[in-house]
Chemist: 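Can you read through this structure? Questions will come right after.
Everything numeric in this text was worked out from a predicted model, so none of it was measured. Just so it is clear: chains get the letters A, B, ... in the order the sequence lines come, proteins before strands, and each one is counted from 1.
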Amino acid sequence: MSDAKLDKSFNHAAAEPRLYARWEEAGDFACHPESPAPGYCIVIPPPNVTGSLHIGHALDNTLQDILIRWRRMQGRDALWQPGTDHAGIATQMVVERLLGAQGVKRRDIGREKFLEHVWNWKAESGGTITRQLRRLGASLDWQRERFTMDEGLSEAVREVFVTLARQGLIYRDRRLVNWDPVFQTAISDLEVESREVKGSLWYIRYPVAEEPGRFITVATTRPETMLADTGVAVHPDDERYRDLVGRHVILPITGRRVPIVADSYSDPEKGTGAVKITPAHDFNDFEVGRRHGLGMPSMLDPEGRVTLAEIAPEAELVEGIADPARLAEFDGVDRFAARKGIVAELERLELLEKVEPHTHAVPHGDRSGVPIEPRLTMQWYADAATLAQPAIAAVESGRTQFVPKQWENTFFAWMRDIQPWCVSRQLWWGHQIPAWYGPDGEAFVERTEAEAYAAAEAHYGRRVELQRDEDVLDTWFSSALWPFSTLGWPAQTPALAKYYPTDVLVTGFDIIFFWVARMMMMGLHFMGEVPFRTVYIHGLVRDEKGQKMSKSKGNVMDPLELVDEYGADAVRFTLAALAGPGRDVKMGKARIEGYRAFRTKLWNAARFAEMNGIRPDPAWDPASATLPLSRWILDAANNALAEADAALEAFRFDEYAAATYRFVWNTFCDWFLELAKPALNQPDSPEAAELRGAAQHVLGTILRLLHPVMPFVTTELWEHFGYGSDGDLIRAPWPQPAAVAGADEARAELDWVVRLIAELRAVRAEVNVPPSVTTPLLVRDAAPESLARAARWIEPIRRMGRVTEIRPLEGEMPKGVAQAVLGEATLILPLAEVIDLGAERARLATARDKAEAEARKVEQKLANADFVARAKPEVVEENRERLAALRAEGERLAAAIARIG
RNA sequence: GGGCGCGUAGCUCAGCGGUAGAGCAUCGCCUUGACAUGGCGGGGGUCACAGGUUCAAUCCCUGUCGCGCCCACCA
């Protein structure tokens, strides 16, 4: 126990950095792979290296830290694996913008130089988020920090890519991809988001080649793509167009002849029932084009500008329809300008039938925010459908479980219909694809350049020059390996053996597809076992009105500002308390203030303990407790512990928070300490000695119970008091239930005392008796046991119930009394001077009516033969007892009213 | 179009067959020797609506309405 007294309040701003630094320096977060203690592992969802801590991180990491600290205290060798993600597009974007501000363009300085800039940026600014995680109190094992592009993880990436390629699970293919014209790279389906756009539906008349003067009208939202049309499709059963199938149209502007084909893709209900087919610029059209062997020319370059390279050669002059000279004017024109130009040209040609306003969903790049373009390019794909099978099976069999369980449906739905995963990106920042091409384009996928040359030499029979693939891998490719690459794979390290499969993954639903699914696939494929036993999915953090936080709305809460203002413990407790299953977290300042008050309450309870000489006594044995009050609080602490454990086992962070809050505030502070005060005020009494023993024991339990969620204040108190001699709270053993004798009797006794005091308080408050007025408590009809109890608890009752003495009512009923019924007894407070008898009569009448009404309800229930016959016997018995109690209470209240006169 | 979730006190949410709960807000009283970042007491709810199952429904089932999200479609 420190000599200095506890300050009047907890100075979180000073204490938190001090305590965190000490934990880190002492190695308190470190795991010990060689130790015999059973492992427990959580890998952090690696934040983007460009990131800064937002409230979502704060939630995610608070929950992880609670689990890690709890398990660590339980004696598990806990590893919380830290690290950051290189975040391909995001990081490249940041550095490009910085260079851009200095007038430097990426392509001007070249790949090597650019990457140098990125690494420099990372060295300077990449540590922001990990510093911020420390402010939260996150007990990550920083010695093991990894980065998705550090050497070990890069080796894992190459190993995985090469292995999958050898197994035929990674391959090159030329097909349509989602192309982002801003970043000029392919992106995966998941990186595309639909946005509602108010556009138009243009109806274009295509002249039928074989029948001059006849037209077929197509409707389109993208008129500019007509430059690359290679057909028009109608439904085979569509009477309107049956005779046209097999004929051709002459495309306006380009003058190309393209066939009219019958394909059931065409929906007679939509548009005109005839649809233009542009295989190189639309996913559905691509399929139609394939089925009918249509050409697939492209008309947009990587930046989204019109290019005539693949279409102009076919352009021919057709009077009144097409003119190669006009077509040439579109070369190099941006896609949006081209749309206007094409429409204008169609209008001029009188081939634009009409334009309708049309709202539709348009795919946009989630990073760039611009409409993506389907483009026909050669890319690397992973065979996700094959890799998904074991992952689906693992969740079906329960080897990995989602919490809450309904997310499994989401997982299954996506996995069962999974598309090939485009893993190549036309970026510079990322893992460069380990593929080298020979002069004829033959690809050699190898771990190193030397191996690629060796393979090429074997293939060609001579040494040839190779070109390395310029592309890098999707960022999620390396994150997919995170649970095993961070543990040392492909090396077989002790950490890998001990901590894989990891225990829990804590994350938001938004990356189930991006990340969780892919970790499942890769983990099962390369480790032969699931990457984690449980996936805990939490909600989104919203503002107090339930709005999504966004910069544009200006409702963003900065977790670091909250930590500054309220302290990390209060922020963490709030997040945990609000983290109900399947619910978004609505974060409001009022809530945080409330939990800061809770922290203060704990602090003040500790101050009280200190003032009363309550100090750690490891030798004190709970089994030695003889007083009902100490037995009762020890038993209640056992219950709180059991609730907390059950809640944490079930990932019910909200219940864990609620159970500890209730116990500390409503049980320990409001009742135990108050009831103990009279005895503690006689410090030399044996009662005081025992209560100090119980109090120090329970306070120690409280500090440990709360440590996972409030690590700072609990540690500060733990050390101030000097609990534990061999290290601090972070590694203190998790509490075990204390063996308590006579718990049932103690509970019955304390329940009665609590009810008595509550009755006294309620009566006094309701008849407006000021606390300064004290009275004797007269008791009528009390059983001897009640009188004995009252005598045992006289001091706390006097203090908390504002009574001077307790005695049975003898002789005449005094005038002007307030009364209350407690069990068999009637409590009488003579208050002749102050009482408003009318108010008292009304109060008693209300209580009587309530008891009688309740009794009637129960009576009715018991009168129902079906209820008595079919309900569980204990329920029937309960109701009978309740009826008797209610009737007795009503009668006693009625008698009390009668006595007033 | 398919799927998931949610409608419980003014607000935010627990509860999920057998007597409606918490925090905050609100009202009244109280500066009592841990704590006014506090103490004590009170008011406030036809548990969205309509059917059904059951001795008994806020809780289970069906439907309706309202809100949110995900996926798909995107002529």
Chemist: If the P atom of rG39(B) is compared with that of rA22(B), how far apart are they to the nearest Å?
Modeler: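 Those two atoms are separated by 15 Å.
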Chemist: Should the pair Arg596(A) and Tyr566(A) be classed as cation-pi, given the thresholds of under 6.0 Å to the six-membered ring centre and 45° from the axis?
Modeler: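 No, a cation-pi geometry is absent between Arg596(A) and Tyr566(A).
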Chemist: Would the base of rA56(B) count as contacting Gln860(A) through its side chain, where contact means a donor and an acceptor less than 3.5 Å apart?
Modeler: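 Under the 3.5 Å cut-off, the side chain and the base do not form any donor-acceptor pair.
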Chemist: Under the 3.5 Å rule, do the base of rA34(B) and the side chain of Lys5(A) count as making a donor-acceptor pair?
Modeler: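 Answer is no: no donor-acceptor pair is held.
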Chemist: Output the rounded distance in Å from CD (Glu643(A)) to P (rG15(B)).
Modeler: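 In whole Å, rG15(B) P and Glu643(A) CD are 14 Å from each other.
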Chemist: In terms of the nearest nucleotide of RNA chain B, which residue is placed more toward the 5' end: Gly594(A) or Cys669(A)?
Modeler: Gly594(A)
Chemist: For the side chain of Ala597(A), counting heavy atoms from C-beta on, which of rG23(B), rA34(B), rU37(B) is nearest?
Modeler: rU37(B)
Chemist: Report yes if a side-chain nitrogen or oxygen of Arg799(A) is closer than 4.0 Å to either non-bridging phosphate oxygen (OP1 or OP2) of rG33(B); otherwise report no.
Modeler: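 For Arg799(A), the contact criterion (side-chain N or O under 4.0 Å from OP1 or OP2 of rG33(B)) is not met.
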Chemist: Taking atom types as modelled, find out whether Asp836(A) and Asn768(A) have a side-chain donor-acceptor pair closer than 3.5 angstrom.
Modeler: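 Result is no, nothing qualifies.
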Chemist: Provide, to the nearest angstrom, the distance between the CE atom belonging to Met587(A) and the P atom belonging to rC11(B).
Modeler: 21 Å
Chemist: Does the structure show a Watson-Crick or G-U wobble partner for rG45(B), both distances under 3.5 Å? Name it, or say none.
Modeler: none
Chemist: Say we look at rA25(B) and rU19(B): how far apart would their C1' atoms be, to the nearest angstrom?
Modeler: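 That atom pair is separated by 27 Å.
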Chemist: Nearest of rG18(B), rG39(B), rG15(B) to any side-chain atom of Arg652(A)?
Modeler: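 Nucleotide nearest to Arg652(A)'s side chain: rG15(B).
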Chemist: Base, sugar-phosphate, or nothing for Phe283(A), non-hydrogen atoms under 4.0 angstrom?
Modeler: nothing
Chemist: Could you give the NZ-to-P distance, from Lys589(A) to rC24(B), as a whole number of Å?
Modeler: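 Going from NZ in Lys589(A) over to P in rC24(B) covers 18 Å.
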Chemist: Is a donor from one side chain sitting under 3.5 angstrom from an acceptor on the other, for Asp263(A) and His235(A)?
Modeler: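 No, no side-chain donor-acceptor pair sits under 3.5 Å.
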Chemist: Rounded to whole angstrom units, what separation is found between the CH2 atom of Trp603(A) and the C1' atom of rG38(B)?
Modeler: 17 Å
Chemist: Roughly how many Å apart are rA20(B) and rG15(B), using the C1' atom of each and rounding to a whole number?
Modeler: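 About 9 Å, rounded to a whole number of Å.
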Chemist: Provide the closest heavy-atom pair for Arg339(A) versus Arg222(A) in the form atom of the first, atom of the second, distance.
Modeler: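 Arg339(A) and Arg222(A) have their closest heavy atoms at NH2-NE, 3.7 Å.
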Chemist: What nucleotide, of rG39(B), rU12(B), rC73(B), holds the atom closest to the side chain of Trp665(A)?
Modeler: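 Ranking rG39(B), rU12(B), rC73(B) by closest atom to the Trp665(A) side chain puts rG39(B) first.
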Chemist: From the list rC74(B), rU12(B), rC35(B), which nucleotide is the closest neighbour of the side chain of Lys270(A)?
Modeler: rC74(B)
Chemist: Checking base pairs now: Watson-Crick or wobble, both atom distances under 3.5 Å. What partners rC65(B)?
Modeler: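 Paired with rC65(B), as far as the under-3.5 Å criterion goes, is rG7(B).
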Chemist: For rC73(B), take OP1 and OP2 only and decide whether either is under 4.0 Å from a side-chain N or O of His360(A).
Modeler: no
Chemist: So, for Arg764(A) and Val773(A), which heavy atoms are closest and what is the spacing to 0.1 Å?
Modeler: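 In terms of heavy atoms, the two residues are closest at NH2-O, 2.6 Å.
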Chemist: Applying a 4.0 Å non-hydrogen cut-off, can you work out what Glu593(A) is touching in the nucleic acid: base, sugar-phosphate, or nothing?
Modeler: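 It contacts nothing in the nucleic acid.
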Chemist: Within the 4.0 Å heavy-atom criterion, would you say Val218(A) contacts the bases, only the backbone, or no part of the nucleic acid?
Modeler: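 No contact.
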Chemist: Choosing from rA34(B), rC13(B), rC74(B), which nucleotide comes nearest the side chain of Pro363(A)?
Modeler: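 Looking only at side-chain atoms, Pro363(A) lies closest to rC74(B).
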Chemist: Sticking with atom C1', work out how far rC67(B) lies from rC49(B), rounded to a whole angstrom.
Modeler: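 Per the computed distance, 15 Å lies between those C1' atoms.
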Chemist: Should rU58(B) form a Watson-Crick or G-U wobble pair with both distances under 3.5 Å, which nucleotide is its partner?
Modeler: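 Looking at the geometry, rU58(B) pairs with no nucleotide.
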Chemist: Measuring from the side chain of Tyr661(A) (C-beta onward, heavy atoms only), which nucleotide among rG23(B), rC40(B), rC69(B) has the closest atom?
Modeler: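 Nearest listed nucleotide: rG23(B).
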Chemist: Asp584(A) CG to rC11(B) P: how many Å, rounded?
Modeler: 19 Å
Chemist: Does Lys677(A) put a side-chain nitrogen or oxygen below 4.0 Å from OP1 or OP2 of rA34(B)?
Modeler: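 Indeed, a polar side-chain atom of Lys677(A) lies that close.
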Chemist: What orientation do Trp414(A) and Phe513(A) show, parallel under 30°, tilted 30 to 60°, or perpendicular over 60°?
Modeler: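 Correct class here is parallel.
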Chemist: Give Arg222(A) one of three labels, base, sugar-phosphate or nothing, depending on what nucleic acid heavy atoms sit under 4.0 Å from its own.
Modeler: nothing
Chemist: Rounded to whole Å, please give me the gap between CG in Leu680(A) and P in rA34(B).
Modeler: 10 Å
Chemist: Could you tell me whether Lys677(A) sits above the aromatic face of Phe672(A), with NZ or CZ closer than 6.0 angstrom to the six-membered ring centre and within 45 degrees of the axis?
Modeler: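 Lys677(A) over Phe672(A) ring: no.
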Chemist: Parallel, tilted or perpendicular: which describes the rings of Phe598(A) and Trp665(A), with under 30° parallel and over 60° perpendicular?
Modeler: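 Correct class here is parallel.
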Chemist: Between Glu643(A) and Tyr656(A), is any side-chain donor less than 3.5 angstrom from a side-chain acceptor?
Modeler: no
Chemist: At 4.0 Å (heavy atoms only), tell me whether Thr221(A) reaches a base, stays on the sugar-phosphate, or touches nothing.
Modeler: sugar-phosphate
Chemist: Could you give the distance separating rG21(B) and rA9(B) at their P atoms, to the nearest angstrom?
Modeler: 14 Å
Chemist: Which nucleotide sits closest to the side chain of Val875(A): rC74(B), rG18(B), rG23(B)?
Modeler: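 Per side-chain heavy atoms of Val875(A), the pick is rG18(B).
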Chemist: When rounded to the nearest Å, what value does the distance between P atoms of rU54(B) and rC59(B) take?
Modeler: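 These two P atoms come out 16 Å apart once rounded.
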Chemist: Does rG33(B) have a Watson-Crick or wobble mate here (both distances under 3.5 Å), and if so which one?
Modeler: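 Because no pair has both required distances under 3.5 Å, rG33(B) counts as unpaired.
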Chemist: Give the nucleotide from the list rC4(B), rG18(B), rA34(B) with an atom nearest to the side chain of Phe608(A).
Modeler: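 Minimum distance to the Phe608(A) side chain belongs to rA34(B).
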Chemist: Return whichever of Thr359(A) or Asn666(A) has its heavy-atom-nearest nucleotide of RNA chain B closer to the 5' end.
Modeler: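 Looking at the nearest nucleotide for each, Asn666(A) comes out on the 5' side.
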Chemist: Once you apply the 3.5 Å cut-off to both distances, tell me the Watson-Crick or G-U wobble partner of rA14(B), or none.
Modeler: none
Chemist: Measure from the side-chain heavy atoms of Ser266(A) and tell me the nearest of rC74(B), rC4(B), rA75(B).
Modeler: rA75(B)
Chemist: With rounding to the closest Å, how many angstrom separate the P atoms on rU37(B) and rU26(B)?
Modeler: 14 Å
Chemist: Where does the angle between the aromatic ring planes of Trp407(A) and Phe509(A) fall among parallel (under 30°), tilted (30 to 60°) and perpendicular (over 60°)?
Modeler: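 Correct class here is parallel.
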Chemist: Under 6.0 Å from the ring centre and within 45 degrees of the ring axis: does the NZ or CZ of Arg761(A) meet both conditions for the six-membered ring of Trp671(A)?
Modeler: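 Here Arg761(A) passes the 6.0 Å and 45° test against Trp671(A).
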Chemist: Looking only at the aromatic ring of each residue, does the gap between the centers of Tyr536(A) and Phe653(A) stay below 6.0 angstrom?
Modeler: yes
Chemist: Would you mind classifying the nucleic acid contact of Asp670(A) as base, sugar-phosphate or nothing, using non-hydrogen atoms under 4.0 angstrom?
Modeler: sugar-phosphate
Chemist: Scan residues 763-772 of chain A against RNA chain B and write down, sorted by residue number, each residue with any heavy atom closer than 4.0 Å; if none is found, say none.
Modeler: Ala765(A), Glu766(A), Pro771(A)
Chemist: Between rC60(B) and rA75(B), how far is it from one P atom to the other, in whole Å?
Modeler: 41 Å
Chemist: Identify which nucleotide among rA75(B), rG5(B), rA14(B) has an atom closest to any side-chain atom of Gln406(A), counting heavy atoms from C-beta outward.
Modeler: rG5(B)
Chemist: Rounded off to whole Å, could you give me the CZ-to-P distance for the Phe411(A) and rG5(B) pair?
Modeler: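 It is 18 Å, rounded to the nearest whole Å.
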Chemist: Compare side-chain N and O positions of Arg591(A) against OP1 and OP2 of rC13(B) and report whether any pair is under 4.0 Å apart.
Modeler: no
Chemist: Is any side-chain nitrogen or oxygen of Lys601(A) closer than 4.0 Å to OP1 or OP2 of rG38(B)?
Modeler: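 No, because none of the side-chain N or O atoms of Lys601(A) sits under 4.0 Å from OP1 or OP2 of rG38(B).
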Chemist: Which is true for Lys276(A) with a 4.0 Å heavy-atom rule: it touches a base, it touches only sugar-phosphate, or it touches nothing?
Modeler: nothing
Chemist: Rounded to whole Å, please give me the gap between CZ in Arg607(A) and P in rU37(B).
Modeler: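 Those two atoms, CZ and P, are 13 Å apart.
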